[in-house]
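Here's the structure, in structure tokens; my notes come after.
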There are 2 protein chains.
Amino acid sequence: MRSSQVTIKDLAKQLGISPSTVSRALKDHPDISEETKKAVKELAQQLKYQPNAVALSLKHSRSHTIGVIIPEIVHYFFSQVISGIEDVAYDAGFTVIICQSNEMFDREVSNAKALLSHRVDGILVSISKETSDFEHLRNVEDGNIPMVFFDRVCPEIEADAVIIDDYQAAYDATQHLIEQGCKRIAHFAGPLNLIIGRKRKEGFIQALKDYNIPVYEDLIVEADSFETGHQTVKQLFKGPDRPDSLFAVNDLTAIGAIQAIHELGLKIPDDVAVTGFSDGRFSNIVNPKLTSVDQHGYEMGKTATEILLKRIMEDQREYTPETRVLKGNLIVRNSSVKKS
Amino acid sequence: MRSSQVTIKDLAKQLGISPSTVSRALKDHPDISEETKKAVKELAQQLKYQPNAVALSLKHSRSHTIGVIIPEIVHYFFSQVISGIEDVAYDAGFTVIICQSNEMFDREVSNAKALLSHRVDGILVSISKETSDFEHLRNVEDGNIPMVFFDRVCPEIEADAVIIDDYQAAYDATQHLIEQGCKRIAHFAGPLNLIIGRKRKEGFIQALKDYNIPVYEDLIVEADSFETGHQTVKQLFKGPDRPDSLFAVNDLTAIGAIQAIHELGLKIPDDVAVTGFSDGRFSNIVNPKLTSVDQHGYEMGKTATEILLKRIMEDQREYTPETRVLKGNLIVRNSSVKKS
DNA sequence: TTGAAAGCGCTAACAG
DNA sequence: CTGTTAGCGCTTTCAA
């Protein structure tokens with residue numbers, strides 16, 4: 001016997017009235033007598049009636065559900081985003097379906113399909129590192145499902161987006177290192193097919209240029225995980241003209257790097273100043289505490305969801321996509337401040 | 001105009017056949033001619049037809065969706081659990097709805113309601129710190145929705161559960177400290193209304209007893225966050241007969257404690273040996289590296305989901321609930337090993 | 001080999 | 001004030 005959940009029919013039968021009356025009574029329709037309302041509501045409570053959201057979705061072609069496609073929730077930043085999403089959605093009476101792509105393109109495609117199939121009212125997306133074909137997202141567009149990107153946006157699709165100013169934040173972080181007297185600054189970059197990877201690199205380079213510091217191409221390496229951060233330091237920092245500082249594309253990479261730097265017998269920040277990006281739970285916990293950029297995950301999730309819900313409500317086919325840019329705040333801690 | 005997704009009717013109309021034929025053709029029903037099948041499938045692909053999961057759910061009283069009620073996904077452990085859940089669910093063609101209780105009872109109750117309303121086929125639950133009334137979960141039981149607890153189980157409801165052997169793991173961690181020569185061991189405990197909190201405390205105490213070490217009640221304090229871990233150390237470790245070691249109920253607490261211990265000018269592990277619990281991303285990153293218990297989050301999520309899916313499939317009203325106990329492995333690192 | 005009709009749970013126009 | 005009916009998208013007898 002499948003779930004024995006109570007339906008409106010059950011209530012109607014027990015009360016000897018019609019289902020439509022029950023339906024109306026439950027929503028306080030003015031036509032219904034107080035007496036009937038009371039009887040219906042009491043029985044509903046007693047039998048623990050829960051409206052069938054599935055039937056409602058079908059009826060109204062509105063699921064009051066939004067879908068989220070997110071790379072990996074293990075990352076503090078993304079889990080913060082989800083909290084922002086859930087809080088807003090929850091207050092608006094929306095349910096959230098979260099799908100992890102695990103940074104895999106195929107998984108992301110299935111995720112999109114599943115969400116379309118579930119007839120979500122809107123979708124929030126942050127694309128995976130692997131994604132460079134956007135057919136699956138175009139399907140969402142074509143299906144007229146509102147879609148808002150966050151953090152990792154898609155270059156080829158015109159849609160709302162919430163990002164931080166990665167360029168400026170990277171610029172700020174680099175400038176900060178320069179102001180500490182650093183001259184040979186390494187950058188561990190993110191995947192350059194992602195806009196965030198490119199923007200952070202550009203901000204880095206521009207800061208160097210503005211301060212007339214030569215840009216050494218071999219000090220710019222793609223490395224965006226604890227392991228690659230660690231390995232890359234071991235190669236890049238062993239020679240005599242090693243970098244005197246490092247700007248890493250995220251905190252975990254910075255921390256992998258920090259460990260390797262320690263293993264090489266170098267001191268942070270005096271031998272090597274280090275800056276991360278994202279300001280996760282780690283930044284305050286490692287030794288030395290890590291200078292990083294606060295990416296405002298919670299706010300990003302909140303904002304993206306607010307925009308999405310607005311789109312869902314206004315429900316017009318044509319609109320001008322809006323890109324909301326949050327400011328990334330550089331938070332200076334011990335890993336980058338040279339004693340002078 | 002709401003979502004313009006293609007339906008079976010659209011296909012039928014365009015092909016001049018009936019919806020039922022289309023339906024059958026799409027599922028390769030043997031009665032349908034190859035010709036028709038081909039035509040239908042081609043058009044479906046061309047128009048990017050996606051079956052309406054909502055309609056299917058209503059029709060079959062089966063949503064192929066499972067709900068998860070989880071305290072907070074920011075915690076590494078819980079996000080690991082979710083990955084385990086998603087992987088298994090995904091392979092079985094199930095969608096996952098994740099709800100965070102944020103450790104709030106009220107939120108947990110709404111979560112349960114929402115999931116019931118969405119007619120999920122089953123629910124996975126780890127209760128919040130605040131939860132001591134279980135009415136909402138009893139509603140799930142009464143609705144005949146299969147339910148499996150993980151990690152934080154509910155004492156009053158007979159249901160399947162997947163946990164680790166918290167008692168034994170705490171015992172092992174304590175024993176390890178004792179073997180390092182520790183005599184005054186503090187325990188920062190979790191909320192004692194949670195079984196995990198009680199079990200870990202019991203394992204701690206039993207280990208002390210087995211080794212004839214006095215149990216000092218004032219060295220057992222409820223503290224289960226970075227902040228409380230930090231504060232508690234400041235109070236408890238300042239006197240001359242301070243503890244020589246600490247077993248914390250989770251890693252973040254241990255790390256808060258470690259920072260405070262450093263601030264007091266004490267050395268880890270020589271002055272104070274420290275052990276955490278959960279083995280998150282942090283354990284390897286802090287200095288010194290933290291001894292901790294691997295809680296096997298991914299495996300826990302996987303196992304819980306496997307059991308849940310089994311219950312959903314077999315679909316019998318009566319069964320004997322099963323409690324699967326995973327072993328928690330103590331992982332010894334620098335924070336607890338005294339040089340001798 | 002295909003179509004017509006009923007029904008999953010609910011709502012809303014239309015009747016009464 | 002309440003009941004009847006149709007329909008959301010799909011499947012599935014039953015009939016042709």
Side-chain angles (χ1 to χ4, degrees), chain A residues 1-41 43-44 47-65 93 116-121 143 145, chain B residues 1-41 43-44 47-65 116-121 143:
Chain A
M1 196 90 298
R2 183 101 27 266
S3 85
S4 50
Q5 311 224 69
V6 182
T7 76
I8 261 187
K9 268 191 181 170
D10 297 329
L11 300 183
K13 209 168 288 173
Q14 282 212 34
L15 292 167
I17 59 181
S18 80
S20 33
T21 305
V22 175
S23 169
R24 283 185 279 237
L26 287 171
K27 2 182 64 70
D28 264 327
H29 190 104
D31 282 356
I32 303 294
S33 74
E34 283 307 324
E35 216 182 351
T36 318
K37 279 185 194 169
K38 212 180 128 221
V40 169
K41 286 179 182 173
L43 188 66
L47 265 46
K48 287 170 192 145
Y49 168 77
Q50 288 289 347
N52 184 329
V54 176
L56 287 172
S57 297
L58 187 58
K59 175 76 189 159
H60 293 133
S61 316
R62 266 297 174 103
S63 59
H64 283 270
T65 299
L116 283 179
S117 182
H118 275 270
R119 298 301 191 264
V120 293
D121 293 337
I145 317 289
Chain B
M1 194 91 298
R2 183 102 25 267
S3 86
S4 49
Q5 310 223 68
V6 182
T7 74
I8 260 187
K9 267 192 184 170
D10 298 328
L11 300 183
K13 210 167 287 173
Q14 282 210 35
L15 292 167
I17 57 180
S18 79
S20 29
T21 305
V22 174
S23 169
R24 283 185 277 237
L26 288 170
K27 358 184 66 69
D28 266 328
H29 191 104
D31 282 356
I32 304 295
S33 73
E34 282 307 322
E35 218 181 349
T36 319
K37 277 185 195 170
K38 214 181 126 220
V40 170
K41 285 180 183 173
L43 188 67
L47 266 45
K48 287 168 191 146
Y49 167 76
Q50 288 287 350
N52 185 327
V54 176
L56 288 171
S57 297
L58 187 58
K59 177 72 190 164
H60 293 133
S61 318
R62 266 296 174 102
S63 60
H64 283 271
T65 299
L116 283 180
S117 182
H118 276 270
R119 299 298 193 263
V120 293
D121 293 337

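Letters A, B, ... are given to chains in the order of the sequence lines, protein chains preceding strands, and every chain is numbered from 1. Quick caveat: nothing in here was measured; it's all calculated off a predicted structure. The analysis underlying the following values was restricted to heavy atoms, covering all of them including side chains, and did not include hydrogens, waters or symmetry mates.
As judged by a 4.0 angstrom heavy-atom cut-off over every strand, B:T7 is placed among residues touching the sugar-phosphate backbone only. Within the 4.0 angstrom heavy-atom criterion, only backbone atoms of the sugar-phosphate kind lie near B:S33; the bases stay farther away. Among the atoms of the strands shown, base atoms are found under 4.0 Å from some heavy atom of B:D31.
Side-chain atoms of A:I8 and A:Y49, non-hydrogen and from C-beta on, do get closer than 4.5 Å to each other. Residues A:V54 and B:R62 fail the side-chain proximity criterion, which asks for heavy atoms closer than 4.5 Å. Contact check for B:L15 versus B:V40: side-chain heavy atoms found under the 4.5 Å cut-off. Using a 4.5 Å cut-off on side-chain heavy atoms (C-beta onward), A:D28 and A:K37 make contact.
For A:K59 and D:dG7, the shortest distance from a side-chain N or O to OP1 or OP2 is not below 4.0 Å. A:Y49 has no side-chain polar atom (N or O) that falls below the 4.0 Å cut-off from OP1 or OP2 of C:dG9. Not one side-chain nitrogen or oxygen of A:K37 sits closer than 4.0 Å to the OP1 or OP2 atom of D:dC1. Regarding contacts with the backbone of C:dA4, every side-chain N or O of B:S18 stays at 4.0 angstrom or more from both OP1 and OP2. Contact between the side-chain N/O atoms of A:T36 and the OP1/OP2 oxygens of D:dT2 is found at a separation under 4.0 Å. Residue B:T21 has a polar side-chain atom (N or O) positioned under 4.0 Å from OP1 or OP2 of C:dG3.
A straight line from CG of A:L15 to C1' of D:dC1 spans 16 Å, rounded to a whole angstrom. Atoms CG (A:L56) and C1' (C:dG9) sit 8 Å apart, rounded to a whole Å. The separation between B:I17 atom CD1 and C:dA4 atom P is 12 Å, rounded to whole Å. The separation between B:R62 atom CZ and D:dT12 atom P is 14 Å, rounded to whole Å. Rounded to a whole Å, the NE2 atom of A:H29 is 15 Å from the C1' atom of C:dC10. One atom, CG of A:D28, and another, P of D:dC1, lie 13 Å apart when rounded to the nearest Å. If you take NE2 of A:H64 and C1' of C:dT11, they are 13 Å apart, rounded to a whole angstrom. Atom pair B:I8:CD1 and C:dG3:P shows a separation of 13 Å (rounding to whole Å applied).
Contact annotation: side chain of A:S20 to base of D:dT5, donor-acceptor pair absent below 3.5 Å.
Ranked by how close their nearest DNA chain D nucleotide is to the 5' end, B:P51 and B:R24 are led by B:P51.
Salt bridge A:K38/A:E35: absent, no basic N to carboxylate O contact under 4.0 Å.
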